[in-house]
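A short worksheet on the structure shown next.
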Amino acid sequence: MGSVGRVVELNTGTKIPLVGLGTAAMNQNPEEIKTAVATALEVGYRHFDTASLYRSECALGDALKDAFLKGLAAREEVFVTTKLWSEDWDDSVSALRTSLKNLQLDYVDLYLIHWPVRLRKGASFPIPKEEDFLPLDLESVWQAMEQCVHLGLTKAIGVSNFSSKKIGDLLSHAKIPPAVNQVEMHPLWQQKKLRDYCSKVNIHVSAWSPLGGAPNAQGSNGVMDNPVIKEIAEKHGKTTAQVTLRWGLEQGISVLPKSYNKGRITQNFQVNIYSPSLLVDYIKAAIHPMGSNLASSLSLDYYMILCW
């Protein structure tokens with residue numbers, strides 16, 4: 001079994017592993033997910049990210065149950081995150097109970113509001129229609145998230161895809177501040193302003209799509225083909241994914257790479273020990289102009305609507 005990676009303490013006192021396994025995919029295969037989770041546990045991962053929207057909760061739950069029974073890990077050693085979907089804002093507690101049933105767990109370690117958007121049931125997906133949007137009412141949904149903590153259903157609560165302004169609005173009435181803001185972040189979408197703000201208010205930033213996303217309407221994200229990152233990787237005998245993930249860790253964030261390939265799952269976890277000379281190259285990569293600085297995994301118009 002591999003060594004367990006580094007952790008950081010959240011504002012709740014809970015410790016979150018800095019490298020986790022993402023489970024979002026366009027076409028989910030439960031058996032692939034279960035195999036990937038088993039591989040990840042063997043390698044040393046102790047952080048797993050899911051969401052009701054991903055439809056990966058059941059497979060993740062099956063894999064974790066099997067791992068616990070086999071003694072590969074204990075429940076208290078594993079950090080599990082799931083998320084409240086935008087159609088379920090009216091009953092966050094029931095939504096989390098459903099997720100816990102899928103995951104076969106008594107509690108999750110982190111429960112996030114998936115997007116700062118409230119949608120009617122049956123909304124169009126992935127791009128909602130204008131009539132699908134409902135008034136936000138962030139204060140009410142956050143009170144329900146806080147209730148999830150009081151009921152022992154989650155150890156921490158947070159947000160995902162929130163801008164600095166949205167977080168500021170939330171903090172103005174929150175009794176329990178968000179512990180995490182999970183956003184897209186990588187060398188082409190560095191989110192420095194948001195990271196600086198979250199650091200100021202003691203909110204940890206976690207990166208989904210830390211390797212960039214697939215090409216979309218905005219064109220290729222270019223992260224994995226970026227010449228600076230490739231040069232660093234080739235110079236030090238690392239993969240471009242390893243260099244990109246380590247860049248994220250050097251920014252003080254946690255990263256959630258997604259892979260169902262055994263070799264890449266292993267490589268992505270091996271980002272904790274590098275020579276000092278490589279860190280200089282990471283700084284070079286961080287400040288190098290790497291393209292348009294646009295989010296890669298969503299259309300820009302949709303991203304801006306949701307975040308602002």
Side-chain angles (χ1 to χ4, degrees), residues 10-12 14 16 24 49-57 79-103 105-184 191 194 197-198 201-206 208 256 298 302-308:
L10 302 178
N11 60 23
T12 61
T14 299
I16 183 171
D49 182 81
T50 185
S52 60
L53 179 68
Y54 301 162
R55 298 183 180 179
S56 59
E57 290 176 331
F79 192 100
V80 179
T81 300
T82 194
K83 307 177 189 72
L84 173 73
W85 181 233
S86 299
E87 296 179 22
D88 298 322
W89 276 37
D90 289 342
D91 197 347
S92 305
V93 174
S94 292
L96 180 49
R97 290 190 190 277
T98 298
S99 289
L100 290 172
K101 182 178 179 181
N102 292 338
L103 290 163
L105 298 175
D106 295 326
Y107 66 91
V108 291
D109 299 274
L110 179 63
Y111 193 41
L112 305 177
I113 296 177
H114 204 150
W115 285 97
V117 173
R118 183 181 170 211
L119 300 174
R120 67 171 181 83
K121 290 287 187 180
S124 297
F125 182 82
I127 307 297
K129 298 177 182 178
E130 184 176 353
E131 58 267 26
D132 291 331
F133 291 88
L134 299 174
L136 198 59
D137 195 9
L138 189 56
E139 184 171 358
S140 293
V141 73
W142 193 252
Q143 288 174 352
M145 295 288 284
E146 291 172 332
Q147 182 66 10
C148 290
V149 176
H150 298 320
L151 292 171
L153 304 178
T154 182
K155 290 190 173 183
I157 50 179
V159 295
S160 183
N161 305 301
F162 272 51
S163 66
S164 301
K165 181 179 184 302
K166 284 287 195 304
I167 293 173
D169 293 343
L170 176 57
L171 289 173
S172 70
H173 56 73
K175 292 183 175 62
I176 301 175
V180 170
N181 185 19
Q182 188 185 116
V183 297
E184 180 180 2
Q191 301 269 32
L194 179 62
Y197 177 79
C198 287
V201 296
N202 196 23
I203 295 173
H204 176 73
V205 174
S206 188
W208 61 263
L256 301 167
L298 296 168
Y302 186 45
Y303 185 87
M304 295 304 291
I305 288 170
L306 293 177
C307 285
W308 299 99

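Atoms considered below: every heavy atom in the structure, side chains included; atoms not considered: hydrogens, waters and symmetry mates.
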* Heavy atoms, side chains only, cut-off 4.5 Å: are Val201 and Pro177 in contact? -> no
* Approximate separation, where rounding is to 0.5 Å, of Leu153 CG and Tyr107 OH -> 12.5 Å
* Quick one: does Asp90's side chain get under 4.5 Å of Arg118's, heavy atoms only? -> yes
* Where the side chain of Asp88 meets the backbone of Ala95, is there a donor-acceptor pair that is under 3.5 Å apart? -> no
* Quickly, which of Thr82, Thr50, Thr98 forms a side-chain hydrogen bond (donor to acceptor under 3.5 Å, both in side chains) with Glu57? Name it, please. => Thr82
* Structure fact -> Minimal heavy-atom distance between Ile167 and Cys198, with the atoms involved, is CD1-SG, 3.8 Å
* Asked: How would you list all residue pairs meeting salt bridge (charged side-chain N to carboxylate O under 4.0 Å, His left out) that involve residues 137-159, not counting sequence neighbours?
  -> none
* Would you mind reporting whether His114 and Leu53 have side-chain heavy atoms less than 4.5 Å apart? => yes
* Please tell me if the side chains of Lys83 and Asp49 come closer than 4.5 Å, counting only heavy atoms from C-beta onward. => yes
* Asked: Which atoms form the tightest heavy-atom contact between Pro116 and Ser160, and what is the distance?
  -> CD-O, 3.7 Å
* **Min side-chain heavy-atom separation Leu256-Ser206 under 4.5 Å** => yes
* **Backbone N/O of Val80 and side chain of Asp109: donor-acceptor pair under 3.5 Å** => yes
* Structure fact -> Rounding to 0.5 Å, atoms OH (Tyr197) and NZ (Lys165) come to a distance of 10.5 Å
* **Which atom of Thr154 lies closest to which atom of Ala156, heavy atoms considered** => OG1-O, 2.7 Å
* **Atom pair CD (Gln191) and OG (Ser163), whose distance is rounded to the nearest 0.5 Å** => 10.0 Å
* **From Lys121 atom NZ to Ser86 atom OG, the distance as rounded to the nearest 0.5 Å** => 10.5 Å
* Would you mind reporting whether Lys166 and Val159 have side-chain heavy atoms less than 4.5 Å apart? => no
* Check: Met145 and Ile113 side chains under 4.5 Å, non-hydrogen atoms -> yes
* Asked: Atom OG1 of Thr12 and atom CG of Leu10: how far apart are they, to the nearest 0.5 Å?
  -> 5.0 Å
* Structure fact -> In this structure, CD1 of Ile127 is separated from CG of Asp132 (nearest 0.5 Å) by 11.0 Å
* State, yes or no, whether a side-chain contact exists between Phe162 and Pro178 at a heavy-atom distance under 4.5 Å. => no
* Asked: If every non-hydrogen atom of Trp85 is compared with every non-hydrogen atom of Trp89, which pair is closest and at what distance?
  -> O-CD1, 3.5 Å
* When Leu96 is tested against each of Leu151, Val108, Ile157, Leu84 for side chain to side chain contact (heavy atoms under 4.5 Å, CB included), which residue passes? -> Val108
* Between His173 and Trp142, which heavy-atom pair has the shortest distance, and what is it? -> CE1-CB, 4.2 Å
